[in-house]
2 protein chains.
Amino acid sequence: VSHAVGHHKQLDWFYFFACILLSPDRQEMTPSKKSPVLVDGVVLNGPQTDVKAGEKFVEETCRLIMEEVVLKATDVNEKVCEWQPPEQLRQLLDLEMRDRGEPQDKLLKLCQEVIRFSVKTNHPRFFNQLYAGLDYYSLAGRFITEALNPSIYTYEVSPVFLLVEEAVLKKMIECIGWKEGDGIFNPGGSVSNMYAMNLARYKYCPDIKEKGLCGLPRLILFTSEECHYSMKKAASFLGIGTQNVCFVETDGRGKMIPEELEKRISEARQEGAMPFLVCATSGTTVLGAFDPLDEIADVCERHGLWLHVDASWGGSALVSRKHRELLHGIHRADSVAWNPHKMLMAGIQCCALLVKDKSDLLKKCYSAKASYLFQQDKFYDVSYDTGDKSIQCSRRPDAFKFWLTWKALGTLGLEERVNRALALSRYLVEEIKKREGFKLLMEPEYANICFWYIPPSLREMEEGPEFWEKLSLVAPAIKEKMMKKGSLMLGYQPHRGKVNFFRQVVISPQVSREDMDFLLDEIDSLGRDM
Amino acid sequence: VSHAVGHHKQLDWFYFFACILLSPDRQEMTPSKKSPVLVDGVVLNGPQTDVKAGEKFVEETCRLIMEEVVLKATDVNEKVCEWQPPEQLRQLLDLEMRDRGEPQDKLLKLCQEVIRFSVKTNHPRFFNQLYAGLDYYSLAGRFITEALNPSIYTYEVSPVFLLVEEAVLKKMIECIGWKEGDGIFNPGGSVSNMYAMNLARYKYCPDIKEKGLCGLPRLILFTSEECHYSMKKAASFLGIGTQNVCFVETDGRGKMIPEELEKRISEARQEGAMPFLVCATSGTTVLGAFDPLDEIADVCERHGLWLHVDASWGGSALVSRKHRELLHGIHRADSVAWNPHKMLMAGIQCCALLVKDKSDLLKKCYSAKASYLFQQDKFYDVSYDTGDKSIQCSRRPDAFKFWLTWKALGTLGLEERVNRALALSRYLVEEIKKREGFKLLMEPEYANICFWYIPPSLREMEEGPEFWEKLSLVAPAIKEKMMKKGSLMLGYQPHRGKVNFFRQVVISPQVSREDMDFLLDEIDSLGRDM
């Protein structure tokens with residue numbers, strides 16, 4: 001073994017090494033501690049940044065955030081959004097990055113504009129996505145981690161956050177009903193599903209890690225036709241191909257039909273494909289449907305298939321003794337994706353992949369053993385250096401914000417939130433049933449309430465092609481009006497042969513029955529003349 | 001087309017729908033706006049959260065962060081870390097999540113402990129990773145996005161942040177020297193490399209998206225033996241297999257040898273494999289080496305291969321007119337990964353994949369066209385709904401924090417930072433050369449300064465096996481001492497036949513020449529008696 005001696009090649013862009021001694025001890029060859037040192041035209045003494053100005057800016061931004069975001073978050077008299085079309089918004093904001101920096105007061109004004117024109121996802125009347133509301137404890141946790149800026153690959157740089165992740169994973173595993181398990185926080189439910197798909201594939205055939213898919217028979221996986229679109233993205237990304245995602249038929253409620261699943265598995269086998277994975281969904285994106293996990297687990301057992309449950313949305317029901325029945329049988333899954341950033345309001349992103357296996361499968365499947373990061377001769381127990389279980393190198397401490405909320409509210413507080421969101425959903429459903437011009441798509445199981453608003457002009461029309469054609473235009477038009485007014489935001493979509501309908505999602509404990517009433521009044525008032 | 005009528009099956013866990021009217025207008029069947037409404041035992045009127053307590057907690061946490069993190073960040077008299085082994089730290093922190101929540105004062109104390117035992121990655125003497133330091137503007141930007149909690153898939157929920165991402169990508173594309181291009185911010189350099197690998201594969205054979213790799217010849221990609229470990233992770237995750245990553249030989253400086261690359265491509269073809277991608281590295285993780293991009297681009301052109309440049313670490317040199325020569329030829333790449341969270345201090349994570357193609361390749365490769373999110377009948381220009389280019393669904397607005405820093409400092413301010421970091425590196429190199437007992441591994445090209453500390457007891461020993469054996473124990477032992485003292489953090493590793501050496505990384509403008517002197521003094525003082 002020898003050590004290389006540098007060549008100084010390609011270093012000609014470094015101007016000569018100049019120590020200009022301006023101090024009285026000029027004659028010394030090595031500069032004293034206090035003499036300015038100049039290298040490449042850069043003075044190296046002392047820090048360069050204007051610390052005071054920076055600190056002041058952070059402080060002023062915190063004040064701005066408190067005033068413009070936090071304190072206004074619960075005020076229903078504030079607008080949900082201040083709509084501007086892209087071209088106009090580009091004019092209103094000074095987006096351009098220039099050679100010279102901008103003065104602090106201009107920057108602060110710019111931040112104010114950024115807040116003004118951003119959608120207030122914290123607002124009690126933001127119902128547009130599967131996340132909403134403001135959790136104060138999670139937000140405080142996020143501020144802490146942003147300030148500390150850790151990356152959680154090794155215990156040496158991230159001791160607290162790795163222990164916190166371990167504690168949160170353990171608790172989530174308990175909620176699932178596993179005696180033990182493993183897991184990893186990662187950037188999104190889509191990525192969690194990818195993790196699970198790759199893990200199931202590795203379990204099915206560990207050689208794939210090194211040899212890849214080349215030369216193997218066609219792998220195939222099964223999920224329902226109501227699954228999240230990330231299944232397709234995952235299959236394509238992992239080299240499996242979207243055609244090898246078999247979409248199993250669902251019933252009228254959007255739940256996978258176990259008999260259909262079994263049939264499709266047998267068909268695939270007959271066609272020479274190799275089934276390796278079933279992905280059930282607990283809480284589908286549009287309808288909020290829960291697949292029958294127990295029956296699906298039976299099928300998986302019979303066929304020796306990995307069962308992954310995408311509970312990104314519905315997983316939070318596990319903290320409610322009343323509603324966890326929705327996920328009955330989840331303890332039989334091999335892996336579970338669960339996003340506390342959705343109904344438990346942990347802030348985007350907070351997503352865990354949980355794995356039942358305790359034989360270190362995650363690590364075996366994902367490790368690359370980088371010797372510069374995961375040195376084995378460290379002075380502490382390197383089993384805490386969990387970063388090699390990840391597909392990422394730098395990784396954010398997403399468990400921490402959820403942990404702080406959990407500490408603040410307790411499991412009972414989290415349960416109360418879920419119960420309240422589902423009770424509010426129930427209230428809205430009953431109100432929709434009572435009101436003329438509103439029509440439920442189906443009885444919801446969860447917090448997704450799907451319905452049409454039928455304006456008076458269509459109420460007498462027969463439900464034929466013309467009716468549906470006209471109805472399909474209603475939701476987009478009302479959405480445009482509500483956004484331009486800024487009063488409310490909820491989503492709409494066409495779905496599996498049904499024309500555009502609204503999907504109302506209830507999450508935040510700041511939402512009240514009054515907001516539900518407002519929602520229906522407002523839709524009626526915006527759509528009445530169509 | 002018909003619409004489903006709900007069955008109310010599996011809803012028996014919803015207790016009967018009860019409107020208990022406690023108000024004087026008891027006889028009304030529909031509750032008035034003010035009557036308490038109870039569903040499932042939950043009162044639905046008014047918001048549930050204790051807003052005042054929450055707001056107060058956020059405010060107090062902000063104060064704590066200012067005092068304990070922001071204001072102390074530049075103080076070299078503070079400890080870099082307050083070391084505790086895992087078992088002890090678990091005792092010191094109350095990690096357990098219980099049924100009932102904790103009082104606010106206890107929570108705040110807990111947050112203080114979290115900060116206390118966390119590594120201060122902002123500290124001027126944290127040199128352990130490829131990120132460090134505190135950028136005040138980026139931090140303010142992060143606070144804003146955490147408070148607003150956006151997800152940037154559609155313009156309707158994230159108008160400002162999508163325009164900001166577009167502006168930042170455009171500017172980064174300019175820095176690369178492309179006339180136009182596309183890109184996406186994503187959670188990490190590893191993920192960026194995966195994006196590029198899949199994109200190159202899609203370009204090579206678009207059918208793979210749907211059909212997968214089954215039945216295709218063996219795909220193979222080329223990178224240097226000094227590449228980041230994410231190449232292996234990516235190849236395994238994408239179903240290509242780690243064996244199909246061909247590691248091309250490097251020269252003594254850690255740079256890929258283009259002639260070797262060409263040879264390996266031909267060999268692979270002869271063996272029946274299908275080359276589709278070359279990944280060059282601009283700024284390798286350990287040595288900070290820059291592959292010769294121009295010569296590699298020539299090879300790629302001759303063989304019709306996609307050229308991806310992993311400039312996660314080195315990309316920031318592009319903002320410096322003096323140092324951008326390191327990446328000479330980068331404009332010839334098809335894709336580039338660049339992490340401003342490293343040398344430009346944007347905060348973890350801030351990582352862009354940039355793509356030269358402007359035929360919407362990213363979207364074609366990644367889109368899944370979810371109809372509930374990317375509706376085509378929206379009232380605005382849906383080309384701004386860029387989320388379908390991503391493998392994620394929810395995605396954080398990572399461009400914003402970098403944009404705010406860029407606005408604050410200007411391109412010239414960013415350049416000054418890079419120049420200063422590299423001048424400081426140069427200073428350290430020259431100091432190492434002067435000092436007895438310090439030995440450079442090689443002349444660095446960038447901000448990675450790799451060196452051995454040889455304690456007095458080994459200085460007279462011949463550089464044989466025993467010497468190297470003993471030297472390999474020195475860096476881990478010094479690392480342990482410095483962490484327990486909390487005075488300093490820098491990394492060490494064995495690397496390609498060389499025993500454990502220190503890797504010192506200079507990034508933050510708060511680092512001064514005095515810190516460089518301290519670093520060497522401290523290592524000497526901790527290792528002198530070994």
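In what follows, every chain begins at residue 1, and chains take the letters A, B, ... in the order their sequences are listed. Fair warning: this is a prediction, and the values are worked out from it, not measured in the lab.
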Are the aromatic ring centres of F143(B) and F143(A) under 6.0 angstrom apart?
yes

Top of A140(B), G347(B), A408(B) for chain A proximity - count of heavy-atom pairs under 4.5 angstrom:
A408(B)

Flag side-chain contact, heavy atom, 4.5 Å: V114(A) against W403(B)
yes

Report the option among S151(A), P217(A), G491(A) that has the most heavy-atom pairs separated by less than 4.5 Å from atoms of chain B.
S151(A)

Main chain of Y366(B), side chain of K233(A): is a donor-acceptor contact present, judged purely on distance under 3.5 Å?
yes

Interface check, chain B: of P476(A), A235(A), A370(A), C393(A), most non-hydrogen pairs under 4.5 Å belong to C393(A)

Note: vs chain A, highest number of non-hydrogen pairs under 4.5 angstrom among L139(B), V157(B), V286(B) is V157(B)

Heavy-atom pair count under 4.5 Å with chain B, highest-scoring of V119(A), N419(A), V164(A), N244(A):
V119(A)

Contact part of N149(A) toward chain B, heavy-atom cut-off under 4.5 Å: side chain, backbone, both or neither?
both

Based on non-hydrogen pairs under 4.5 Å, which of L213(B), L238(B), V191(B) is most in contact with chain A?
L238(B)

Can you tell me which of H495(A), K232(A), Q375(A) forms the most heavy-atom pairs within a distance under 4.5 Å of chain B?
Q375(A)

Highest number of heavy-atom pairs under 4.5 Å with chain B: which of L163(A), L93(A), I208(A), T74(A)?
L163(A)

Measure distances from P124(A) to the heavy atoms of chain B and classify the residue's part below 4.5 Å as side chain, backbone, both or neither.
neither

Aromatic rings F237(A) and F237(B): how do their planes relate, parallel, tilted or perpendicular, breaks at 30° and 60°?
perpendicular

If we ignore hydrogens and angles and just use 3.5 Å, is the side chain of K378(B) paired with the main-chain N or O of E480(A) as donor and acceptor?
no

Chain B: which of I240(A), L148(A), D381(A) shares the most heavy-atom pairs with it under 4.5 Å?
L148(A)

Using heavy-atom distances under 4.5 Å, tell me whether C62(A) contacts chain B through its side chain, its backbone, both, or neither.
side chain

At a 4.5 Å cut-off on heavy atoms, which part of D99(A) comes close to chain B: side chain, backbone, both, or neither?
both

Mind checking what makes salt bridge (charged side-chain N to carboxylate O under 4.0 Å, His left out) contact with E210(B), not counting sequence neighbours?
none

Find the one option among Y155(B), Y384(B), F57(B), Y131(B) whose heavy-atom pairs under 4.5 Å with chain A are most numerous.
Y155(B)

Can a salt bridge be assigned to the pair E156(A) and K479(B) using a cut-off of 4.0 Å between side-chain N and carboxylate O?
yes

As an exercise: rank G188(B), S230(B), S371(B) by heavy-atom pairs under 4.5 Å with chain A and give me the winner.
S371(B)

Sort P494(B) into side chain, backbone, both or neither according to what part of it lies under 4.5 angstrom from a heavy atom of chain A.
both

Heavy-atom proximity to chain B below 4.5 Å, by part of S394(A)
both

Heavy-atom distance under 4.5 Å to chain B: side chain of L219(A), backbone, both or neither?
neither

With only heavy atoms counted, which part of F117(B) is less than 4.5 Å from chain A, the side chain, the backbone, both or neither?
both

V70(A) portion near chain B, given a 4.5 angstrom heavy-atom threshold:
both

Which heavy-atom pair separates K407(A) from E96(B) by the least distance, and what is that distance?
NZ-O, 2.7 Å

Between P150(A) and chain B, which part of the residue has a heavy atom less than 4.5 Å away: side chain, backbone, both or neither?
backbone

Side chain, backbone, both or neither: which part of L216(A) has a non-hydrogen atom closer than 4.5 Å to chain B?
backbone

Any chance the side chains of D40(B) and Y427(A) put a donor and an acceptor closer than 3.5 Å?
no

S118(B) versus chain A, heavy atoms under 4.5 Å apart: side chain, backbone, both or neither?
both

Who passes salt bridge (charged side-chain N to carboxylate O under 4.0 Å, His left out) against R142(A), sequence neighbours left out?
E146(B)

Under a 4.5 Å heavy-atom cutoff, which of R503(B), R218(B), Q129(B) has the most pairs with chain A?
Q129(B)

Find the distance between CD (Q493(A)) and CG (D377(B)) and round it off to the nearest 0.5 Å.
10.5 Å

Could you report the tightest heavy-atom contact between Y229(A) and Q392(B), atom names first, then the distance?
OH-O, 4.1 Å

F379(B) vs M483(A) side-chain heavy atoms within contact, under 4.5 Å
yes

Other residues, nucleotides, ligands: >12 heavy atoms within 6.0 Å of K211(A) NZ
no

Would you say R98(B) and T411(A) make side-chain contact, with heavy atoms under 4.5 Å?
no

Tell me, for T285(B) versus chain A, whether the close heavy atoms (under 4.5 Å) come from the side chain, the backbone, both or neither.
side chain

In terms of heavy-atom proximity below 4.5 Å to chain B, should M97(A) be classed as side chain, backbone, both, or neither?
both

Shortest non-hydrogen contact from N122(B) toward A147(A):
ND2-O, 2.7 Å

Side chain, backbone, both or neither: which part of T61(B) has an atom under 4.5 Å from a heavy atom of chain A?
side chain

Does the side chain of C111(B) reach to within under 4.5 Å of the side chain of I144(A), using non-hydrogen atoms?
yes

Which answer fits S236(A), side chain, backbone, both or neither, if we ask what part of it has an atom under 4.5 Å from a heavy atom of chain B?
both

Check whether any side-chain heavy atom of E59(B) sits under 4.5 Å from a side-chain heavy atom of Y136(A), and report yes or no.
no

By a 4.5 Å heavy-atom criterion (distance strictly below it), what part of P159(A) contacts chain B: side chain, backbone, both, or neither?
both

Which atom names give the shortest non-hydrogen contact between E514(A) and L44(B), and what distance separates them?
OE1-O, 4.1 Å

Check each atom of K209(B) against the heavy atoms of chain A and say whether the ones under 4.5 Å are side chain, backbone, both or neither.
both

Do V39(A) and L424(B) touch side chain to side chain, with heavy atoms closer than 4.5 Å?
no

Which region of F161(A), side chain (C-beta onward) or backbone (N, CA, C, O), has a non-hydrogen atom less than 4.5 Å from a non-hydrogen atom of chain B, or is it both or neither?
side chain

